[in-house]
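Right, one structure below, let's go through it.
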Amino acid sequence: MRIATVDIRCCHHREVSLAEDTLLGTSNRDGFEFVVYTLTTEEGLSASMFGFAGRSARGSGELAAAALKPLLIGRNALDREALWHEFRKVDRFWSHLPIYSYGPADVCLWLLGAEAAGQPLHRYIGGCRTEVPTYLSSMFLKTADDYVAEAVAAKAGGYAAYKLHPPGRSVGEDIEIHAAVRAAVGPEFTLMSDPVAFMTLDEAIRYGRALERLDYRWLEEPIPDENFSALRELSRALDIPVIGTEVLAKHPYSVAECVAGRVVDAVRADVSWAGGVTGVLKTAHLAESFHMNCEIHSAIFQPLELVNLHLCAAVKNCSYFELLCPREKFEFGLASPLPVEGGIATLPEKPGLGAELDWDLIDNATVAQL
């Protein structure tokens, strides 16, 4: 099971794009940038996975290839733990890669092991369940009516919950939008809020207390994840659970103080930004030791989302599987749709990922191969 080759494709998918305002004016309007890693063993077994690429697939791919090929080639694909720690050392000594660089490589290592064992990834990790309730998570929308329409559709579609990313023009307007959505879906449907980091502590306390009155399930990243002192004060001031850590680099070590010191009430991790399957498992098990949830965060691209789903099924301390809305904007990368029906995600039982990547799309989107 020694790794013979590491191939990284740099891709630009122009067929689907997001309106500029859905990411507060920062989106790439002409498509999605991503990378695809493929690890092949000396025996000819291979595994491939999408990776986040930020603003530049070429830039992300070049950085990853330079650091990861020397680390991985010639190594046993089953030595995931050793490679995890060696990557940390390589990264510290002047690689300093983006937080999303190692995740796809680690996922490929896990998929190679699962495929060799003839097991679906979630069972290879250690199965906990085979169905996971799913919620929809909005982009940044313009008006209360836009959020109401999505939330009502989510409820009608059988989803377990709906999460708002409010526009953030003012705390008062955001609270009004949350109130409008609660009035539209009724008191029983689960709602969450993720204002994405740009509030002051005083604003977050006011905002959180309003969400408590509206019976929202959790408040996510109202203050930047690295602002431990303010988040700790916020968590103690509010009854609604405060959730964070999704953008902290170096999981699980960076998250340990947040868990042990109750900086937040629950943590976030995903296979893209937390260092692959290994990173998510370490963070989830750390949180579980403190009787805290690790809510799996969307990884945007469907192949990565499917790996997230396997993790949701392999750990106990995660409530939901998250999907970005509108779903049709993000439904690319797999040869078949994600196994979500009526708000329930059902785990695949085929070995490894349990689904094929859409190689026609990948071939058409490839702009460089490293």
- Apply salt bridge (Lys or Arg N to Asp or Glu O under 4.0 Å) to Glu257 and Arg262, showing your working. CA-CA 8 Å; Glu257 175 61 23; Arg262 288 286 169 173; over 6 Å; no
- Message: Consider side-chain contact (heavy atoms from CB on, under 4.5 Å). Of Val280, Ile296, Leu121, which one does Val307 pass it with?
- Response: Leu121
- Is there a donor-acceptor contact under 3.5 Å from the side chain of Ser235 to the main chain of Val242? no
- For the side chain of Glu131 and the backbone of Ala345, is there at least one donor-acceptor N/O pair under 3.5 Å apart? no
- Task: Could you tell me the separation between the CD atom of Glu305 and the OG1 atom of Thr134, rounded to the nearest 0.5 Å?
- Result: 10.0 Å
- Go through the structure and list residues passing salt bridge (Lys or Arg N to Asp or Glu O under 4.0 Å) with Glu220, not counting sequence neighbours. Lys163, Arg268
- Task: Without swapping roles, check the side chain of Asn293 against the backbone of Ala266 for a donor-acceptor pair under 3.5 Å.
- Result: no
- His310-Tyr124 aromatic ring centre distance below 6.0 Å: no
- Query: Is it true that a side-chain atom of Asp91 and a backbone atom of His96 form a donor plus acceptor pair closer than 3.5 Å?
  - Reply: yes
- Item | Backbone N/O of His297 and side chain of Asn308: donor-acceptor pair under 3.5 Å | yes
- Message: If only side-chain N and O atoms count, and only distance matters, is there a donor-acceptor pair under 3.5 Å linking Tyr216 with Thr190?
- Response: no
- Query: So, Thr346 and Glu341: side-chain donor and acceptor under 3.5 Å apart, yes or no?
  - Reply: no
- Hey, is the main chain of Leu45 close enough, under 3.5 Å, to the side chain of Thr41 for a donor-acceptor pair? yes
- Item | Between Tyr147 and His178, a side-chain donor and acceptor under 3.5 Å | no
- Note on the structure: Quick note, salt bridge (Lys or Arg N to Asp or Glu O under 4.0 Å) partners involving residues 358-368, not counting sequence neighbours, are Arg9-Asp363
- Task: Flag the pair Glu188 and Lys155 as a salt bridge only when some basic side-chain nitrogen lies within less than 4.0 angstrom of an acidic carboxylate oxygen.
- Result: no
- d(Leu219 CG, Asp239 CG) to nearest 0.5 Å is 12.5 Å
- Message: Please check this pair: side chain of Asp146 against backbone of Leu141, looking for a donor-acceptor N/O pair closer than 3.5 Å.
- Response: no
- Donor-acceptor pair between Ser137 and Glu322 side chains, under 3.5 angstrom: yes
- Message: Using a 3.5 Å distance criterion without hydrogens, assess whether the side chain of Asp106 forms a donor-acceptor pair with backbone atoms of Trp84.
- Response: no
- Query: Between Arg2 and Glu43, is there a side-chain N and carboxylate O pair less than 4.0 Å apart?
  - Reply: no
- Message: Checking Tyr37 against Ser48: is there a side-chain donor and acceptor pair closer than 3.5 Å?
- Response: no
- Task: Say whether, by atom type as modelled, one donor and one acceptor occur between the side chain of His251 and the main chain of Leu281 under 3.5 angstrom.
- Result: no
- Task: Indicate yes or no for a side-chain donor-acceptor contact from Arg129 to the backbone of Cys312 under 3.5 Å, with no hydrogens or angles considered.
- Result: yes
- Item | Pair Tyr320-Glu295, side chain to side chain donor-acceptor pair (under 3.5 Å): steps then yes or no | CA-CA 7 Å; Tyr320 305 106; Glu295 300 294 349; over 6 Å; no
- Query: Is there a side chain to side chain contact (heavy atoms under 4.5 Å, CB included) between Leu112 and Met1 once you walk through the steps?
  - Reply: CA-CA 9 Å; Leu112 286 168; Met1 286 281 283; 4.0 Å; yes
- Task: Using the ring-ring contact (aromatic ring centres under 6.0 Å, His included) rule, take His12 and Phe32 through it: C-alpha gap first, then chi angles, then the decisive distance, then the call.
- Result: CA-CA 6 Å; His12 188 166; Phe32 286 87; 9.3 Å; no
